[in-house]
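What follows is a short report on a single structure.
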Amino acid sequence: MFDPYLVLTPMHYIYLIGVIVILTVMVLRKDTPLVCILFLFLLGLTGLKSLTGGIMTVFNAILYASKEFMDIIATIALVTALSKCLKDLGSDYLMMIPMSKVMKTPTFTWWILGGTMLVFSLFLWPSPSVALVGAIMLPFAVKAGLDPLAAAMAMNLFGHGIALSYDFVIQGAPAISAAAASITTDQILIKGRPLFLVMGIVTVVSAYLLNRNEIAACCQEVHIQNAEEHHDTGIAAIIMAILTPLLFLADILLMLAFDLKGGDATSMVSGTAVLVMCIGAILGFGRHSLEKVTSYVTEGFLFAIRIFAPVIIIGAFFFLGGEGISSIMGDQFQRGIMNDWAIWLAHNVPLNKYMAAFFQLVIGGLTGLDGSGFSGLPLTGSLAHTFGTAVGASVPILATLGQIAAVFVGGGTIVPWGLIPVAAICSVNPLELARKNLPPVMIGFLATFIAACFLL
């Protein structure tokens, strides 16, 4: 509901200054949690008019954000635990061997490498998949004549681009965007699906067409970092190499059969991951499996917390912009600060749905400059709700636009400091990889923006 008598208070201006400062810090490639905590305190101090209110707001906001993100933190932790178990057993190597058999030409190899990275990243996330796919498949790809830089492009665009931005299996990015936008994860995955497909297809096709003459330009031997010698694998590794994909395939079939979506689908993947990890530990390590399971789970949660610790703090600030403000600061605050700004903008600035979509792309890209990809999702999600309410546009479409921009830029396809893992394992310069990725990603953004204008 628009309020024609809306009056902006000092809280509104403090929040707006906070958003600008946080974006500026991100552009400067600095960490933002300290800034977020400072503005959380100032907002609490101003809104609740007490020192204790400012202090409690800091904690309550972080606690609220933690609860919102806890399910996906657990999912990533358990999936990572599984990947570590498979690596120790040698099952990861066995699972890759069949794909390496079909790498005959550089062109075909480029698509196979990218497709494999996409599949593994959807189920294991790109970070563990880079080491898994790169260390095992990259030597086969180079042997087939694929240029290492082209291989890095394929792994990067398919994994850190398409898989991480859509993320319909683990649903990490959609869950953050949906929580901040006050919508369901399914709304982003279903209504935003055309945009994810347009961005993915246009980007990778553009990348191939722009670089097709260079893809087959490799003729020299390269050193593959982090590649490990795989010794003879045991029966446990063979069983797990067969069982793991079969069980995840069964998950997909069960999701389709019982129409499991959102949190239910995530629970299926997470539960399967932890059960498969336990089976692998028992088969591979016998009486030592008790300690192994504890080790894998611990490493998995450490990995997940390392990713999400700053995201929780950043999300704590941006949740004040939406409906989370009531839970954080009390029932006297019934409307998010960003929502008030949107209403004010709607009455005072010629903002329309197309400008809102453009702003989402730009702001999403700016937030991705810190090399995270996820840290800006609370902001783009909150803005999607804000702009969508103000101009009558589709909130899921706006949230999807912000998510795509933030993840493609910051998740590791544009900013050089986000490309280091892929660049390192492929032995290429991250700056050169960023330059190669920039044109196809920009073409993808343009095509996605045009598509979004028809769906708003």
Side-chain angles (χ1 to χ4, degrees), residues 2-3 5-27 30-65 68 176-177 179-182 310-349 351 356 359-360 362-364 366-367 370 375-391 395 398-399 402 406:
F2 289 146
D3 182 1
Y5 304 106
L6 174 67
V7 176
L8 296 178
T9 66
M11 270 190 71
H12 292 90
Y13 290 103
I14 292 173
Y15 191 86
L16 180 62
I17 294 171
V19 171
I20 295 172
V21 172
I22 290 169
L23 286 175
T24 302
V25 172
M26 286 181 174
V27 170
K30 302 296 183 180
D31 292 337
T32 58
L34 175 59
V35 180
C36 293
I37 292 171
L38 173 62
F39 277 96
L40 280 172
F41 173 75
L42 292 176
L43 288 166
L45 180 67
T46 304
L48 299 177
K49 297 179 174 59
S50 69
L51 178 63
T52 55
I55 295 172
M56 289 189 295
T57 296
V58 173
F59 176 75
N60 289 336
I62 294 174
L63 183 62
Y64 179 85
E68 290 293 314
I176 298 175
S177 296
S182 300
V311 175
I312 289 172
I313 304 297
I314 297 167
F317 173 82
F318 287 110
F319 278 129
L320 286 177
E323 296 177 0
I325 192 171
S326 298
S327 299
I328 296 170
M329 297 184 66
D331 293 335
Q332 66 267 38
F333 299 93
Q334 291 296 321
R335 192 166 53 204
I337 303 172
M338 285 300 293
N339 296 345
D340 285 344
W341 271 112
I343 294 171
W344 184 88
L345 286 172
H347 283 285
N348 295 276
V349 178
L351 180 68
F359 285 153
Q360 280 291 93
V362 172
I363 293 172
L366 288 174
T367 63
D370 67 343
S375 62
L377 296 183
L379 171 58
T380 57
S382 178
L383 287 176
H385 182 78
T386 298
F387 290 146
T389 302
V391 301
V395 174
L398 291 176

> Mind checking whether Leu383 and Leu398 have side chains closer than 4.5 Å, heavy atoms only?
Replying inline: no
> Side chains of Ile14 and Phe39: does their closest heavy-atom pair fall under 4.5 Å?
Replying inline: yes
> Does any non-hydrogen side-chain atom of Met56 lie less than 4.5 Å from one of Ile328?
Replying inline: no
>> Could you measure the distance from the CZ atom of Phe319 to the OG atom of Ser326? Nearest 0.5 Å is fine.
In response: 13.5 Å
> Taking C-beta and beyond as the side chain, do Phe41 and Thr57 meet within less than 4.5 Å on heavy atoms?
Replying inline: no
> Where do Ala180 and Leu377 come nearest, in terms of heavy atoms and distance?
Replying inline: CB-O, 4.2 Å
>> Does any part of the side chain of Ile176, heavy atoms only, come nearer than 4.5 Å to the side chain of Pro378, both counted from C-beta?
In response: yes
> Hey, does Leu40 have a side-chain heavy atom less than 4.5 Å from the side chain of Leu320?
Replying inline: yes
>> Quick one about Thr9 and His12 (side-chain donor to acceptor, distance below 3.5 Å, no hydrogens or angles considered), yes or no?
In response: yes
> For Met329 and Leu48, what are the C-alpha separation, side-chain angles and deciding distance, and is it a side chain to side chain contact (heavy atoms under 4.5 Å, CB included)?
Replying inline: CA-CA 8 Å; Met329 297 184 66; Leu48 299 177; 3.9 Å; yes
> Taking all atoms of both residues into account, what is the closest heavy-atom pair of Gln360 and Ala384, and its distance?
Replying inline: NE2-CB, 3.6 Å
> Shortest non-hydrogen contact from Gly315 to Ala65?
Replying inline: C-CB, 4.2 Å
>> Are Cys36 and Ile22 packed together at the side-chain level, in the sense that at least one heavy-atom pair is separated by less than 4.5 angstrom?
In response: yes
>> Looking at every heavy atom in both Gly53 and Ser50, which two are closest together, and how far apart are they?
In response: N-OG, 2.9 Å
>> Ignoring hydrogens, what is the shortest heavy-atom contact between Glu68 and Ala179? Give both atom names and the distance.
In response: OE1-CB, 3.5 Å
> Residues two or more places apart in sequence or in another chain: which of them pass side-chain hydrogen bond (donor to acceptor under 3.5 Å, both in side chains) with Ser327?
Replying inline: none
> Rounded to the nearest 0.5 Å, how far does CD1 of Ile37 lie from CD1 of Ile62?
Replying inline: 5.0 Å
>> Keeping Ser177 on the side-chain end and Gly381 on the backbone end, is there a donor-acceptor pair under 3.5 Å?
In response: no
> Once the angle between the rings of Phe317 and Tyr15 is folded into 0 to 90°, is it parallel (under 30°), tilted (30 to 60°) or perpendicular (over 60°)?
Replying inline: parallel
>> To check you understand the geometry: which heavy-atom pair defines the closest contact between Met11 and Leu43, and what is its length?
In response: O-CD2, 3.5 Å
>> Does Tyr13 form a side chain to side chain contact (heavy atoms under 4.5 Å, CB included) with Leu8? I'd like the steps, not just the answer.
In response: CA-CA 8 Å; Tyr13 290 103; Leu8 296 178; 3.8 Å; yes
